[in-house]
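Counting starts at 1 for both ligands and their atoms, following the listed order. One-based numbering along the sequence shown. When reading the values below, keep in mind they use all heavy atoms of this one structure, side chains included, and skip hydrogens, waters and symmetry mates.
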Amino acid sequence: MASLELREIRKSYGNVTVLDGVSLTMEAREFIAFLGPSGSGKSTLLRIIAGLETPDSGEVVLDGRRIDTLPPGQRDVAMVFQHYALYPHMSVRENMAFGLRNTGVSETEISARIDQAATALEIGDQLDKKPGQMSGGQRQRVAIGRAIVKNPALFLLDEPLSNLDAALRTRTRVELAQLRKRVDAAVIMVTHDQAEAMTLADKIVVMNDRRIQQIGSPMEVYGRPANAFVARFVGSPPMNLVPASLVVGQNALARVKLSDGAELATQVPRKGLPGAAALQIGMRPENVAVVAAGNGTTDAEVQLVERLGERTLVYALLDDGAEITAQDEGNSPVRIGDRIGLLIDGAAVHLFGPDGAAHHPERDA
Ligand code: ADP
């Protein structure tokens with residue numbers, strides 16, 4: 001049975017439409033990430049599910065029961081807020097117990113649940129502290145613990161890692177993934193960080209411009225992005241998009257000409273591509289290798305070299321001014337100002353039509 005269903009959710013603030021007909025089905029125990037830029041309506045959608053915001057129209061159904069008409073406390077969901085929202089005058093134990101009081105759960109049961117969650121989160125020895133005496137990472141665990149003790153059918157996490165510093169964020173991300181295996185519930189996490197979404201979620205819902213752009217597994221949205229927006233938003237550095245035109249011919253697979261005149265054979269079926277219209281060719285940096293000038297698909301001038309240790313990112317300009325990011329080995333000899341060749345793996349490139357819709361290679365390279 002589907003654990004959560006969103007049906008045609010619409011929401012406007014004044015005359016600004018924030019969600020324009022969002023529909024989604026989530027399987028039981030799935031971990032979904034709402035991923036999108038700031039302002040794309042992710043938090044609004046989460047708050048609608050939690051009952052903190054009312055949609056203008058549409059339905060929210062959890063385990064077969066319509067919940068959008070119920071108050072937040074009766075929805076069987078628990079939310080972890082970005083800023084934790086802990087009560088500063090209460091101890092950790094009281095904070096965790098608060099949401100369970102007046103719900104018919106006995107004090108013995110409340111205590112047992114708190115101890116169990118605190119142990120799992122490794123804050124068992126912190127229960128008598130006040131939130132003000134704890135670090136950001138510990139407060140974040142209390143906020144998660146407070147959600148866990150409610151035993152909800154659905155966890156809602158709003159940017160749970162964004163207040164942590166880089167090192168702690170990576171560690172907490174791993175812990176969240178481990179914790180996730182232990183809780184028997186579905187999870188929705190809002191994030192603008194594609195690495196967080198890629199590493200934690202079973203399924204990513206990419207949002208932009210009031211709508212869902214794509215729903216898929218992390219590797220689906222990375223490997224077969226539905227449109228130019230998803231292609232640029234998922235992956236770091238983003239996919240290169242360079243103007244290209246179709247070379248006239250009879251082949252079943254498209255041959256394209258880059259803006260500087262260089263030609264490239266792709267594995268994208270010609271059928272279904274817009275005819276004479278201007279296209280964009282999309283290629284991940286890892287599919288563009290640095291070679292000697294004259295030996296690649298085209299030549300370019302190096303603008304910037306970013307050494308990341310295990311690999312080097314080379315930002316280069318084609319002769320017509322188009323920018324391409326290529327990937328070289330960690331010990332790349334390339335320097336700013338060098339003239340280099342770029343060898344594009346034609347089997348791995350995608351084409352995008354004037355409407356931004358993606359056309360993928362027949363097989364994944
Ligand atoms: P995200 O979580 O993707 O950053 P939000 O859901 O927070 O996006 O916001 C989406 C849009 O709705 C933004 O343009 C924001 O300014 C607007 N918005 C959110 N909440 C309100 C509100 N209570 N009143 C008016 N506008 C709001």
Would you say the side chain of Val305 lies within less than 4.5 Å of the side chain of Asp328, judging by non-hydrogen atoms? no

Would Gly39 count as a contact of ligand 1 if the rule is a heavy atom under 4.0 Å away? yes

Please state which protein non-hydrogen atom is closest to atom 7 (O) of ligand 1 and give its distance, to 0.1 Å? Ser43 CB, 3.7 Å

Only heavy atoms of Ser38, strictly under 4.0 Å: list the atoms of ligand 1 that pass. 4 (O)

Report, in ascending order of atom number, the atoms of ligand 1 lying under 4.0 Å from any heavy atom of Ser40. 1 (P), 3 (O), 8 (O)

re atom 3 (O) of ligand 1, the protein heavy-atom contact at minimum distance is Lys42 NZ, 2.8 Å

Quickly, which of Thr325, Val290, Val288 forms a side-chain contact (heavy atoms from CB on, under 4.5 Å) with Val314? Name it, please. Val290

Ile110-Leu86 co-clustered via ILVMFWY side chain contacts under 4.5 Å: yes

Quick one: does ligand 1 sit under 4.0 Å from the side chain of Thr44, the backbone, both or neither, non-hydrogen atoms only? both

Atom indices of ligand 1 within 4.0 angstrom of Pro37 heavy atoms, with elements: 3 (O)

Atom 15 (C) of ligand 1 protein-contacted, heavy-atom criterion under 4.0 angstrom: no

Nearest non-hydrogen protein atom, atom 19 (C) of ligand 1: Tyr13 CE1, 3.4 Å

Which of the atoms in ligand 1, numbered in the order shown and given with their element, are less than 4.0 Å from a heavy-atom of Val18? 10 (C), 11 (C), 12 (O)

Tyr84 six-ring face occupied by Arg141 cation (under 6.0 Å, within 45°): no

Closest approach of any protein heavy atom to atom 8 (O) of ligand 1, naming residue and atom: Gly41 N, 3.2 Å

Heavy-atom nearest pair, Gly341 first then Asp299, reads CA-OD1, 3.5 Å

Taking every non-hydrogen atom, the tightest pair across Ala78 and Lys150: CB-CD, 4.1 Å

Geometric class of the Phe352/His350 ring pair [parallel <30°, tilted 30-60°, perpendicular >60°]: tilted

Given the rule that I, L, V, M, F, W and Y join up when any side-chain heavy atoms are under 4.5 Å apart, are Leu70 and Met79 in one cluster? yes

Going by distance only, is there an N or O of Val190 that falls short of 3.5 Å from an N or O of ligand 1? no

